[in-house]
A.B. asks: 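One structure, as structure tokens, below. Some questions next.
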Amino acid sequence: MNEEIEKAVFRRAIGYDIQEVTEEYSGENELLKRKVSSKHYPPDMTAVKTMIELGFDKDELKTMSDDELSELKNRLLSQLKDMTKGEKVNEDNNSNKQN
């Protein structure tokens, strides 16, 4: 499989963040406003399925750089933290309702 395609499918499979820049100019080409926003794309199960069906290299993690592994680790820990926050809030709400 083409290396660029593999990287793109892998990126979709694990999720990623991007920054979008929106700029507004005056009629004289003068920058009036610049807005930078972050956007998160969560892991995509279709991409995971595609990786499996196409025989994607199962040793992909072995070929990742330390920076890529660190970024993946931090993103997964953050997602896990967010997921457990939601569960904790639900547990607190349920215990309040029972009292």
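No experiment lies behind these values; they were computed from the predicted model shown.
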A.B. asks: Going by side chain to side chain donor-acceptor pair (under 3.5 Å), name the pairs with one or both residues in residues 29-38, residues two or more places apart or in two chains.
C.D. replies: Glu23-Arg34
A.B. asks: Any donor-acceptor pair under 3.5 Å linking the side chain of Ser70 with the backbone of Asp66?
C.D. replies: no
A.B. asks: Using residues 8-21 as the side-chain source, report each donor-acceptor pair under 3.5 Å to any protein atom, sequence neighbours left out, with the distance given to one decimal.
C.D. replies:
unit_1	atom_1	unit_2	atom_2	d
Arg12	NH2	Asp44	OD2	2.8
Asp17	OD1	His40	ND1	2.6

A.B. asks: Once salt bridge (Lys or Arg N to Asp or Glu O under 4.0 Å) is applied, do any residues pair with Glu71, and if so which ones, sequence neighbours excluded?
C.D. replies: Arg75
